2 protein chains.
Amino acid sequence: MDLTERKLKILQAVIADFVRTAEPVGSRTISKNYEIGSPATIRNEMSDLEEMGYLTHPHTSSGRVPSEKAYRLYVNEMMKKRELSQEEKDAIAKDLYSNVTELENLIERAAHVLSEITNLTAFALAPGNEQDKLKYVNLLPVDDNTVVLTLVSDSGKVSNTAVRLKKPASEQTLRILSKNMTYNYSGKTLSEALTIDIIQTLKTDAEAMVMFEKSIAPSFIRTLEDMLNVNLYMDGLTNIFALPEYNDINKAKTFFEMINRKADITQKLISRDEGITITIGEENQDEDLSDCSVVTATYHVDGKMVGKLGVIGPTRMQYDEVTSVIEYLTDNISKAFMLEEGDDDDL
Amino acid sequence: MDLTERKLKILQAVIADFVRTAEPVGSRTISKNYEIGSPATIRNEMSDLEEMGYLTHPHTSSGRVPSEKAYRLYVNEMMKKRELSQEEKDAIAKDLYSNVTELENLIERAAHVLSEITNLTAFALAPGNEQDKLKYVNLLPVDDNTVVLTLVSDSGKVSNTAVRLKKPASEQTLRILSKNMTYNYSGKTLSEALTIDIIQTLKTDAEAMVMFEKSIAPSFIRTLEDMLNVNLYMDGLTNIFALPEYNDINKAKTFFEMINRKADITQKLISRDEGITITIGEENQDEDLSDCSVVTATYHVDGKMVGKLGVIGPTRMQYDEVTSVIEYLTDNISKAFMLEEGDDDDL
DNA sequence: GTTAGCACTCGATGTAGATGAGTGCTAACA
DNA sequence: TGTTAGCACTCATCTACATCGAGTGCTAAC
């Protein structure tokens, strides 16, 4: 079956309506608000669209809801870039630079502004020491339940962390892990290290794998972040309470619990690609994010990526607006960093 | 009317039951579980207790709920100190010191452990540069809507913050405010400055007062905190979802919004007295906290207060347990700091 | 290919009655 | 005089049932 012009028009209408109201959209509504045809015609088309996987049906007698496939299509093909008006831009910039004294502060502010405009949960990743490389990784057993994780970086940063193990580890397991970690991590930049998933390489040794996942990894990530001096800011957390999809207390709870695992989020964000990324629902690796969409953008200094800005919200979000605002904000941040770099001489 | 032995016993029973179940307690329940007398007798006594303000009555045909006055009485007079068993202490200590490498980290960990044990929201205030004093405070107008807030401390720290005003300010207002702030803040330590409420002294000038409250104060507090390097950690935020009092989405929302205004909380906590403090419901200055209780304790180094640890929860909380755990944790933190001080020579 | 018409589905809403936990009051009892 | 049994009354909660209406799918006519 083909996605005819009219089908696209209807799909767009359903998405637009559903994004606005969060209620399943019926054929009458669309027939009334758009000049497409009678309810019956639209019903037929919607039925086709459902067959093609773009719409779903909460129950027999309810309207249609866009599927993730529909959002993906919309984002890839149908979404027009929403140009911000000069007034909007001015308002955002004004907001962004108010109360801002330092760059670090600007990042935090950007998350704030972003969450206010989009009414979603915004996050920002402040720049870290991206160039620094890991030189040495070691696990030293102290007693049955404790090991010391040592990291040394090229720039000379040293970190020793005592890690309590959930279960006692054999010396052999520790040797394997230590060797494996050194092999995989040394020579990598700190941020690269955060993105590497060494679980794969441990598959041969279940014990080592479990130990790494449960005991070592959290401390390791935390230490890397500290060394990177990566800072994650979040804002607009409570915005989700205004969304009907989180009216259920359990949904809200799950969301907050997910958000609270900061470390996870940082890892996820860091590993994202350059530029604007839109990840919809199940496209997210993380199960907890499977009914959320995440939009991120990077900001740069000297052409190097240094940080991220983004939002998390329900798959039903105003992708066009969100994208535009994030883009405008990251542009501004990049610009601000450039100015700052120039300013350095003057100070 | 007198608080007879029996009345106290009944009150204690109501509190114990209500803390456990969050349901209004009826006369039959108490009659069954405690050897006090028949339901009718207990009803009569409860009626008296209500008249005296210790119990309330959600509606005619429901059981009794302790009032804040009852909790206050309980905390002051009836509560026995709950001694932690050696096992409990060991478990807490084990938990506290796991994954801990630095003192800063210990504080964060303490908040974590505290929230896990109490199932409430815990916070911890990490030590800052308490001795440093404010030397100079100034407001410099830049344009109608912007002023630069300058703070200089004894130790030479300087901070310039551009503050956007909600409303344009007359030069006169700025002069008044600037003078007032200098007068009130200079010579004070940074943490003292955080506790001073200069709103009082501005009452004569409504415009200055509003401007201070809405525009200046947030930046001022923030800057002070930065200079102090005070860090507020929170943990167990999502614990409230398990509490029946927050089953209502709006309640949860209000709670999170309150918690998110970190600055406010810091201010409130810093201004708290030494030792263990229990603030119940309306006793809290902040309206948003009016159905919460806050328990805090200080930890010390060299006899000087350096930080705080505490929980926020519904007025219905296990005050005895919470108090014991917080006390044990702050003792441990103080001890750890002492050791660290001693260790310095070795490193 | 489009549309009007109609039967059907199913969640949402509203109402009435039953249930039960709990109170307050009265009168009898120790 | 304090305690208790008994009883009428209150009120939130639950269940069953009817109703409503938004929306669909299908058929037949245009």
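These numbers were taken from a predicted model, which means no experiment stands behind them.
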Quiz item: Considering residues at least two apart in sequence or located in another chain, which fulfil the ring pair (Phe, Tyr, Trp, His ring centres under 6.0 Å) criterion with Tyr71(B)?
Solution: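 Only Tyr319(B) meet the ring pair (Phe, Tyr, Trp, His ring centres under 6.0 Å) criterion with Tyr71(B).
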Quiz item: Under a 3.5 Å cutoff on both atom distances, Watson-Crick or G-U, what's the dot-bracket for DNA chain D ([ ] crossing, | other strand)?
Solution: ||||||||||||||||||||||||||||||
Self-check item: Contacts of type side chain to side chain contact (heavy atoms under 4.5 Å, CB included), residue Lys7(A), not counting sequence neighbours
Solution: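 Here the qualifying residues are Met1(A), Leu3(A), Thr4(A), Glu45(A), Asp48(A), Leu49(A), Met52(A).
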Polar pairs (N or O, both sides) under 3.5 Å between protein and nucleotides 17-19 of chain C?
none

Exercise. Check whether more than 12 heavy atoms from other residues, nucleotides or ligands sit under 6.0 Å from atom CZ of Arg72(B), and answer yes or no.
Key: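 Counting neighbours around CZ of Arg72(B), more than 12 heavy atoms of other residues, nucleotides or ligands fall under 6.0 Å, so yes.
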Quiz prompt | Any donor-acceptor pair under 3.5 Å from Thr121(B) side chain to Gly236(B) backbone | solution =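 Side chain of Thr121(B) to backbone of Gly236(B), a donor-acceptor pair under 3.5 Å: yes, one is there.
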Quiz prompt | Backbone N/O of Val19(B) and side chain of Arg316(B): donor-acceptor pair under 3.5 Å | solution =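 Present.
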Quiz prompt | Whole-Å gap separating P (dT2(C)) and CG (Asn44(A)) | solution =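 The answer, rounded to whole Å, is 9 Å.
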Practice problem: Report the distance from atom CD1 of Ile36(A) to atom P of dT2(C), rounded to the nearest whole Å. | Solution: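 It works out to 12 Å between those atoms.
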Self-check item: Along DNA chain D, first and last positions that approach a heavy atom of chain B under 4.0 Å
Solution: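 Listing 5' to 3', DNA chain D meets chain B from dT3(D) to dA12(D).
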Practice problem: Kindly indicate, with the supporting measurements, whether the criterion side chain to side chain contact (heavy atoms under 4.5 Å, CB included) is fulfilled by Asp17(B) and Ile30(B). | Solution: CA-CA 9 Å; Asp17(B) 244 62; Ile30(B) 292 182; 5.7 Å; no
Quiz item: Got a sec? Which of residues 48-63 of chain B come in under 4.0 Å of DNA chain D, heavy atoms?
Solution: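 Here the set is His59(B), Thr60(B), Ser61(B).
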Quiz prompt | Interatomic distance, Thr118(A) atom OG1 to Gln318(A) atom CD [nearest 0.5 angstrom] | solution =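 Those atoms lie 10.0 Å apart.
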Quiz item: Should the pair Lys251(B)-Glu245(B) be classified as a salt bridge under the 4.0 Å nitrogen-to-oxygen rule?
Solution: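 Looking at Lys251(B) and Glu245(B), the cut-off is not met.
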